[in-house]
Every structure is written in C-alpha cells, then in structure tokens.
Amino acid sequence: MITMDDIIREGRPTLRKVAEEVTFPLSDEDKKLGKEMMEFLENSQDPQKAEELQLRGGVGLAAPQVDVGKRITAVLVPSMDPDSDEPEFKDVLYNPKILSHSVQQACMGEGEGCLSVDRDVAGYVVRQARITLRYYNAEGEKKKIRLKNYPAVVVQHELDHLNGVLFYDHINEDNPFALNEGVLVIE
Ligand code: NB4
Ligand code: NI
C-alpha cells in the first residue's frame, strides 16, 4: 500500500526527470503500480482511512512521485454533484498525451498544491481549459477523451509530473495572481 512515506518530496531528482513510456502488454509490475496509485487516491478521499493512514487528500498521483520514472498516473476526480457517487473522471493513465487543447485557459481559484511539495505556494497556475487526451488503460486499450475545466486541470498537473515540471514553475514570480483577460477561474 502507498502511504505518505512513499511519496518523494521536492529536491529528489526523479521529480525533475522526463519519465519513460511504458510498453505493452503491461508488465505485472506496471499494472500493480497503477492499482496501488488509485488505491492511494481512494484512501486519501475516504475521511476515515485518510485519518488512520495520515494521508493528505489527493485527486491525482503520478508515478515519479513514488520515485518511479514511468509515464503512469492515476486520476480520481470526485463528482461535483454531491448526490452522485459516480466520479467525474477516474482512471489509471498509461502513456497519456494531450493531442490538442483549447485556446481558452483556466486556473484553480485556490491555486494548486502538490503531495510532493510540503509548503503552500500561492498563485494562479494557468493551464488549458479543455484538452483532448489520448492514453492507454490497464488493459492496454487506447482511449481518446475530452476533458474540461477541473478534470482537465488535474490531468495537466499530472502530465507535468511525467515531464519533470512542478506546479509552481508556472506561477508568475513578480505577480503570482496576475491574470490575462479571458482566463477562466475555476471556483
Ligand atoms: C493534484 C491536484 C493539485 C491541483 C484540487 C484538489 C487536492 C492534489 C494534487 C490540480 C491537481 C496531488 C498529484 C485535493 C482536492 C477535492 C476533493 C474529495 C474528498 C479530499 C479531496 C480534496 F485533495 N487538490 N490535493 N492535491 N498531486 N482537490 N480535494 N476532495 O490532489 O500532487 O501530482 O477527499
Ligand atoms: Ni503533484
């Protein structure tokens, strides 16, 4: 089981490297890692388990964060509708790639946090509002999906990890809350 002790923090070299693609059929190791990463997110979103295991809440986790330099990420975006228990988006993504994106940009109104960064870094992280994503699932099936707003931002945060990029790399140092016109602020 993955816990906070398995998550490496900024300063560790793996977080700044470009991760390697996985090959298909997936090895048992790559399948197991994907499952464990999703289990971490599920536990982190379960108030009881998160408390017991002392987990920070997470909606995404990328393999480099557990010191594995492979292009694997788990995403679990809960539904925004409190009456639905169907997640907004849930999957383990192998070799994900953004095929195209909107001109429109978006950012989280609260800024972003990262399980590999033990401090608050304030500021807007401006990303693409909508993306067309291609990835392979654990069964090796090719998926092509469109995501917008919150789930699109989460996936872009995770893809950054696969390329050695951390969220604060995108924050304007001089004016962390500077925003160009037309950027959608996700509340
Ligand atoms: C990834 C996110 C940072 C910004 C937005 C948010 C949380 C993360 C990092 C975009 C992607 C992890 C991976 C949350 C959280 C809302 C949903 C459901 C119930 C608690 C949970 C809290 F925890 N970010 N943390 N940060 N990362 N929303 N929520 N809630 O997930 O570093 O690379 O459980
Ligand atoms: Ni992160």
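In each ligand, atom 1 is the first atom listed, and ligand 1 is the first ligand listed. All values derive from a computational prediction rather than experimental measurement. Below, all heavy atoms of this structure are taken into account, side chains as well, without hydrogens, waters or symmetry copies.
Nearest non-hydrogen protein atom to atom 32 (O) of ligand 1 is L115 N, 2.9 Å. Among protein heavy atoms, atom 1 (C) of ligand 1 sits closest to E158 OE2, 3.6 Å. For atom 34 (O) of ligand 1, the closest non-hydrogen atom on the protein side is Q45 CA, 3.3 Å. Protein heavy atom in closest approach to atom 26 (N) of ligand 1: G57 O, 3.8 Å.
Other residues, nucleotides and ligands contribute only 12 or fewer heavy atoms inside 6.0 Å of the CZ atom of R146. More than 12 heavy-atom neighbours from other residues, nucleotides or ligands sit within 6.0 angstrom of CD on Q104. With a 6.0 Å radius and a threshold of 12 heavy atoms from other residues, nucleotides or ligands, N175 has its CG atom above the threshold. Shown here is E29, whose CD atom has no more than 12 heavy atoms of other residues, nucleotides or ligands within 6.0 Å.
Between the side chain of R56 and the main chain of A50, no donor-acceptor pair closer than 3.5 Å is present. At least one donor-acceptor pair under 3.5 Å links the side chain of N137 to the backbone N or O of E139. Judged by distance alone, with hydrogens and angles left aside, the side-chain atoms of E36 form no donor-acceptor pair with the main-chain N or O of L33 at under 3.5 Å. Of the possible donor and acceptor atoms, one in the side chain of D81 sits under 3.5 Å from a partner among the backbone N and O of D83.
By the 3.5 Å distance cut-off applied to N or O atoms, V59 is counted among the residues near ligand 1. Geometrically, ligand 1 and G58 share no nitrogen or oxygen pair separated by less than 3.5 Å. Taking only nitrogen or oxygen atoms, main chain and side chain alike, S116 does not reach within less than 3.5 Å of ligand 1.
Protein atoms of type N, O or S found under 2.8 Å from the Ni ion (ligand 2) total 3.
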Criterion salt bridge (charged side-chain N to carboxylate O under 4.0 Å, His left out) on E10 and R119, from CA distance to verdict: CA-CA 10 Å; E10 53 181 340; R119 60 199 170 100; 2.7 Å; yes

Derivation of the salt bridge (charged side-chain N to carboxylate O under 4.0 Å, His left out) call for K35 and D30: CA-CA 9 Å; K35 278 192 191 136; D30 291 349; over 6 Å; no

Worked check of salt bridge (charged side-chain N to carboxylate O under 4.0 Å, His left out) between K49 and E39: CA-CA 11 Å; K49 284 183 176 151; E39 184 195 21; over 6 Å; no

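In H157, the part holding a heavy atom less than 4.0 Å from any atom of ligand 1 is the side chain. Using a 4.0 Å cut-off between heavy atoms, F167 makes no contact with ligand 1 at all. By the criterion of a heavy-atom distance under 4.0 Å, both the backbone and the side chain of C114 are placed next to ligand 1. Under 4.0 Å from ligand 1, not a single heavy atom of R56 appears.
Below 4.0 Å from some heavy atom of E112 lie the following atoms of ligand 1, by number and element: 4 (C). In summary, the atoms of ligand 1 found under 4.0 Å from a heavy atom of Y150, numbered by their order in the structure, are 5 (C), 6 (C), 16 (C), 28 (N). Counting atoms of ligand 1 from 1 in the listed order, those under 4.0 Å from a heavy atom of G60 are 12 (C), 13 (C), 27 (N), 31 (O). Proximity to M108 (heavy-atom distance under 4.0 Å) selects the following atoms of ligand 1: 5 (C). Heavy-atom proximity to G113, at under 4.0 Å, picks out these atoms of ligand 1: 3 (C), 9 (C).
With sequence neighbours left out, the salt bridge (Lys or Arg N to Asp or Glu O under 4.0 Å) criterion links R12 to D67. Remark: R16 pairs with D169 by the salt bridge (Lys or Arg N to Asp or Glu O under 4.0 Å) rule, at least two apart or across chains. Residues satisfying the salt bridge (Lys or Arg N to Asp or Glu O under 4.0 Å) criterion with R71, sequence neighbours excluded, are absent altogether.
Taking only non-hydrogen atoms, the option from P78, A152, A50, P87 nearest to atom 30 (N) of ligand 1 is P78.
Aromatic rings of Y136 and F24 (six-membered ring for Trp) have centroids within the 6.0 Å cut-off, being under it.
Within the 4.0 Å cut-off (strictly below), no protein heavy atom is located near atom 22 (C) of ligand 1.
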